[in-house]
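Along the sequence shown, the residues carry numbers beginning at 1.
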Amino acid sequence: MKRYRHYKKDKAIILSCFGSVIEQDMYLELKKEVEEKFQDIDVFLSFSSRMVLKDLQKREMDYKNLPQILADVDMLGYKNIVVASINLFPTDEHELLVRTVKGFNSFSLANIRSTKAIINKTKETSLALKELNSAISQDNWANLYVIHGVPILDLAGLSSVDYTDKFLQLLSNKNYTCSLEGAFPWYAVKDRLIEQIKKDKITNIQVVPMLLVSGNHYIKDMIEIKDELGEYFNSRVVPSQTKSDRFNLIELDSIRDIIIQNIKEEITKLG
């Protein structure tokens, strides 16, 4: 086929991210690490949040969404493309990624594969959550893990969210969970949670954002939850585990390791 003669470059990796107005540098740092791990492969960034893309445009920063980057990379002539899902759970954003890759594969001559979401495999998920809980837990503090969640209860990928929720609770009798806008949202269950925390004789509790990149949710929602808990307990948002001022899961080694491993697996499958 004559068209295939234009595909002269070997491999590319596209990091498909949601984006963040506040913590955009987190994704740039991830891109740099992926480039270091895969030095012979070109790495690109895409963002799915239109709000983030518009904000970046106002700041004269040129970023694009996944369909645009896929079109660019195809035009540049890459034969093999791995789209890395930089999504914590395999819910709506990840499903959009999968559909986009499937659509491009129907007409592009490149071989395009997408990775799994981060919280997907039982073993890797269990070890990462256990490592997280061990790192942030302190003897005199209980943990309230706050998962973003999705507002639709029959969405694909919810078993991953549910497993995370239950596993974190099983790790310690001082672990509590809720969501921002998914199952068991804070606004609906906070009275019952506060009642249970009192019953358990907890005096110190820290809010743990189960967010890949905290961004606006950290500034608004996590601080609000911390302040509401502060009416009854000594409360705080969990201290950062890295050099950052705020807690972001994307900075944790266990999360980075899963992302890198997912990319390696799809590169192997490309042949």
Side-chain angles (χ1 to χ4, degrees), residues 18-23 49 51 87-94 117-119 125 128-129 132-133 135-138 140-241 244-252 255:
F18 183 77
S20 172
V21 172
I22 296 170
E23 299 283 15
S49 170
M51 182 185 71
N87 297 290
L88 195 59
F89 297 106
T91 49
D92 50 346
E93 290 295 334
H94 176 76
I118 296 166
I119 302 297
T125 295
L129 293 176
L132 166 64
N133 189 73
I136 62 105
S137 293
Q138 297 183 15
N140 297 323
W141 288 84
N143 305 310
L144 174 61
Y145 287 95
V146 183
I147 301 169
H148 185 281
V150 290
I152 301 172
L153 293 174
D154 63 348
L155 198 67
L158 283 182
S159 58
S160 174
V161 180
D162 186 55
Y163 179 80
T164 297
D165 180 278
K166 291 178 179 177
F167 188 83
L168 288 169
Q169 291 186 58
L170 282 171
L171 284 177
S172 171
N173 57 12
K174 293 195 298 181
N175 284 352
Y176 307 87
T177 60
C178 69
S179 76
L180 289 179
E181 55 182 55
F184 309 107
W186 168 254
Y187 65 81
V189 302
K190 60 183 177 182
D191 291 339
R192 179 68 184 91
L193 269 175
I194 290 169
E195 179 184 329
Q196 184 61 51
I197 295 168
K198 285 181 177 179
K199 183 178 179 181
D200 294 339
K201 301 188 185 313
I202 299 296
T203 56
N204 302 313
I205 187 161
Q206 58 183 359
V207 176
V208 186
M210 288 298 291
L211 303 169
L212 199 57
V213 175
S214 294
N216 282 324
H217 283 305
Y218 185 101
I219 294 172
K220 182 180 182 296
D221 300 299
M222 301 304 161
I223 299 301
E224 184 177 300
I225 292 171
K226 184 265 294 182
D227 289 343
E228 291 189 55
L229 287 169
E231 297 178 18
Y232 307 93
F233 316 99
N234 181 26
S235 65
R236 69 183 185 188
V237 179
V238 64
S240 172
Q241 302 297 297
S244 301
D245 294 333
R246 292 184 283 267
F247 181 86
N248 296 276
L249 289 177
I250 199 172
E251 293 187 283
L252 303 182
I255 298 298

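- In this structure, the side chain of Ser235 engages the main chain of Lys226 through a donor-acceptor pair within 3.5 Å.
- Here the closest heavy-atom approach between residue Val189 and residue Cys178 is recorded as CG2-CB, 4.2 Å.
- Contact check for Tyr232 versus Ile197: no side-chain heavy atoms found under the 4.5 Å cut-off.
- Side chain to side chain, Gln169 and Asn175 fail the donor-acceptor criterion of an N or O pair below 3.5 Å.
- Expressed to the nearest 0.5 Å, how far CD of Gln196 lies from CD1 of Ile194 amounts to 12.0 Å.
- Put simply, the side chain of Tyr145 does not reach to within 4.5 Å of the side chain of Thr164, judged on heavy atoms.
- Looking at heavy atoms from C-beta onward, Val238 lies out of side-chain contact with Asn143 at the 4.5 angstrom threshold.
- Between Ile136 and Val208, the shortest heavy-atom distance links the atoms CD1-CG2, 3.8 Å.
- The distance from atom OG of Ser244 to atom CD1 of Ile250, rounded to the nearest 0.5 Å, is 10.5 Å.
- Looking only at side-chain heavy atoms (C-beta outward), Met210 and Leu129 come within less than 4.5 Å of each other.
- The distance from the CG atom of Asp200 to the CD atom of Glu195 is 10.5 Å, given to the nearest 0.5 Å.
- One distance of note links CG of Leu171 with CG of Asn133; it measures 5.0 Å at 0.5 Å rounding.
- The shortest heavy-atom contact between Gly182 and Pro185 is O-CD, 3.2 Å.
- Side chains of Leu193 and Trp186 form a contact here, defined as non-hydrogen atoms less than 4.5 Å apart.
- Looking only at distances, a side-chain donor or acceptor of Ser160 sits under 3.5 Å from a matching main-chain atom of Ile119.
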Please walk me through it: do Val161 and Thr91 pass side-chain contact (heavy atoms from CB on, under 4.5 Å)? CA-CA 9 Å; Val161 180; Thr91 49; 4.3 Å; yes
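- Here the closest heavy-atom approach between residue Leu252 and residue Phe247 is recorded as CD1-CZ, 4.4 Å.
- Looking only at distances, a side-chain donor or acceptor of Gln241 sits under 3.5 Å from a matching main-chain atom of Pro239.
- For the pair Arg246 and Glu23, the tightest heavy-atom approach, listed with the atom from each and the gap, is NE-OE2, 3.0 Å.
- Rounded to the nearest 0.5 angstrom, Glu93 CD and Leu212 CG are separated by 12.0 Å.
- Leu249 places none of its side-chain heavy atoms less than 4.5 Å from the side chain of Pro209.
- Side-chain contact check for Ile205 versus Tyr176: some heavy-atom pair is nearer than 4.5 Å.
- Here Leu158 contributes atom CG and Phe89 contributes atom CZ; the two are 10.0 Å apart, rounded to the nearest 0.5 Å.
- Met222 has its side chain within reach of Leu180: a pair of non-hydrogen atoms, C-beta onward, lies under 4.5 Å apart.
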